[in-house]
Number of protein chains: 2
Amino acid sequence: MKPVTLKQIAETLGLSVATVSKALRNYPDVSEKNKKLVNDLAKSLNYVPNPSAVNLRTQKSKTIGVIIPATVHHFFSNVINGILEVAEKEGYLVILMQSNENYELEKRHVDLLINKNVDGILMSLSNKTNNFSHIKKILDFGIPLTLFDKISKSVNCSKVIIDDKTAAYNAVTYLIKKGHKKIAHFRGDLIPQNSIDRFLGYKQALIDNNIPYDASLVFMCNNNNDFKDGYNAAKILHKNFGDSVDAIFCITDVVATGALKYFRDNSIKVPEDIALFGFSDWFMSSVITPTLSTVHQPGFEMGKESAKILLDEINNKYKGKTVSYKTVVLDTKLVIRESC
Amino acid sequence: MKPVTLKQIAETLGLSVATVSKALRNYPDVSEKNKKLVNDLAKSLNYVPNPSAVNLRTQKSKTIGVIIPATVHHFFSNVINGILEVAEKEGYLVILMQSNENYELEKRHVDLLINKNVDGILMSLSNKTNNFSHIKKILDFGIPLTLFDKISKSVNCSKVIIDDKTAAYNAVTYLIKKGHKKIAHFRGDLIPQNSIDRFLGYKQALIDNNIPYDASLVFMCNNNNDFKDGYNAAKILHKNFGDSVDAIFCITDVVATGALKYFRDNSIKVPEDIALFGFSDWFMSSVITPTLSTVHQPGFEMGKESAKILLDEINNKYKGKTVSYKTVVLDTKLVIRESC
DNA sequence: TTGTAGGCGTTATCAA
DNA sequence: TTGATAACGCCTACAA
């Protein structure tokens, strides 16, 4: 079974390919009679235009590319979900690629997508990405780009983010209001904006509440295995500070879960001995013991919003409108559970 | 900036498009001198063939389509991971689509992929799919297809699965050996083969160990929200049987987690009062309290294996070889933790 | 060894 | 109102 082509329809109807094409696209200069004839036959044969031919001709592919650091991630799965929902509604296909937090791979993926002629690109940067020539290349090719979550401020394009700093600030402030005084921070890598902003929010909250910032209370979790990182950081913290630290603000729920595991292994009670605050609101956080307080990060909405903005930009580009970049900041909220 | 074309290379070099094309593809009938000239220039200009043109000409798209029920799912995320890894290595792009356990949507997705001219399709059926005309259509179009995990025995194509029945049998047998006598089963929908096979494994294990099968101990969890389903089933079980049931074999970890939550809410101790066994080995299961015993389901390997088989089949098809379908059964293993 | 020409399926211009 | 024709970019049989 082979797909039906315009030519076949034209031949069986004794018309020219041109007329058939125009009839299908409802051009005004085709007789109603022929329009009906063509459309009826097309429908009965399940005619669908060959996308490669259309793409070659129109330079549009009805396809968008998505590059994310990792799929096995509650947050990103939700983002993908949101993207797929919007794309599907608008008839766009989604090519998914994964950088595995690897800059070189991310670069290769970008090249592939450009070559593949995608209409637009949606992207969340890897933690290791600190050079943006590949991103600039996307823009040079005039391909609409929307960055989400892991963005870079130095790239000029539309962005969808949360206010990491404020979210972190609110979380830490909550801990302080609850009476915690010596609050550690398990932070992420130095490069990603998220990681920086959450750290800054943590610091600011301390300062605004007259708690001196102590750099030795900040632990790096950047070995690409959040759970272990959290476990190890908790171990070191415990070794260095005994039980003098009374709360930890963690960069992600998984880091917090790792810490939790260490504390349980060592009979340290959460939240009695030490309080824990996570970030992201993975499903897991609502079912572990104790349930984890965290910052809810709207992954699904982020995916939807990013896709909408991108498709808008694509449409405007095709209409010849000038595009203006926008940055959308989505709301987060604190989810208070048992761990603090 | 526009992509470079053969024509441009030909013009700057004063050669014909044909020669340039042949030079790039290393045809024997092009002079070494010109080959070098062409290839050097192509490289320096970052020439890449226009995929739509190639596709139109060769009828190959170097793209495969993937349809899964849901992305927000530890198991499927891992599968996607495996697929992406293999596809990327072979230079294939992956179009991802999600059926949301919806038959109609799944059908539409299949049509889109066929129209899009993908070289092959990888697919895990929705729980609601009990009509396979859309799958047959894929085969009718001669598009290689590999089904994984959620398959149908009545479709004639390659498959990658686990032995659900044996895995379930082993899990339940383990529970019996531990001394449990009244073992309930929280099962899934009636349609999916997985759900059926896990149920059959459960039943067989009972019978082989001289425990009479009792249909009233089997609870349906098919409202598309595993966690709630598990919670509710536990509630009903508790109401109907008090504490006489001493173990539950659950169709998924999430169902088990839901049940666990109910028991915790009602001060019923796991595993002391009732043992729990899950299925899938989500990350979550290793961090909840108590940690959950479960069947490890190799998602990553399944993705890799499925993609390999599909790409093999695609290659064989292009080489004109006859393809033979194969069914690969991946190993599972019991992961024993604290819940039983 | 090189180049011409036809065609993949579609769209768009322009002449009939 | 219709249709021939060129073009999108590439590949390849065949002619030069």
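Chain naming here is simple, since letters A, B, ... match the order of the sequence lines and numbering starts at 1 in each. These figures come from a predicted structure and were not determined experimentally.
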Please state how far atom [atom1] in [X] lies from atom [atom2] in [N], giving the value in whole angstrom units.
X	N	atom1	atom2	value
A:Y27	C:dT10	OH	P	14 Å
B:K116	C:dG9	NZ	P	16 Å
B:N117	C:dT10	CG	C1'	13 Å
A:N55	C:dG9	CG	C1'	12 Å
A:K35	D:dT1	NZ	C1'	11 Å
A:L24	C:dA12	CG	C1'	15 Å
A:N26	C:dA12	CG	P	14 Å
A:L37	D:dT2	CG	C1'	14 Å

### Task
Please report the C-alpha distance between B:Q193 and B:K150 in whole Å, then the side-chain angles of each, then the deciding distance to 0.1 Å, and finally whether the side-chain contact (heavy atoms from CB on, under 4.5 Å) criterion is met.
CA-CA 7 Å; B:Q193 197 64 50; B:K150 312 279 217 70; over 6 Å; no
### nucleotides 3-10 of chain D: protein proximity per nucleotide (B base, S sugar-phosphate only, - neither; heavy atom, under 4.0 Å)
BB-BBBBB
### Message
Just to verify, what does A:K136 make a side-chain contact (heavy atoms from CB on, under 4.5 Å) with, not counting sequence neighbours?
### Response
A:F132
### Query
Could B:K60 and B:Y318 be counted as a cation-pi pair, given that NZ or CZ must be under 6.0 Å from the ring centre and within 45° of the axis?
yes
### Message
One pair to check against side-chain contact (heavy atoms from CB on, under 4.5 Å): A:L37 and A:N39. What are the steps and the verdict?
### Response
CA-CA 6 Å; A:L37 234 46; A:N39 281 292; over 6 Å; no
### Pairing of B:D111 and B:K137 as salt bridge, 4.0 angstrom limit
yes
#### Entry: Carboxylate-amine/guanidinium proximity below 4.0 Å for B:E88 and A:R108
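Salt bridge between B:E88 and A:R108, a charged N being under 4.0 Å from a carboxylate O: yes.
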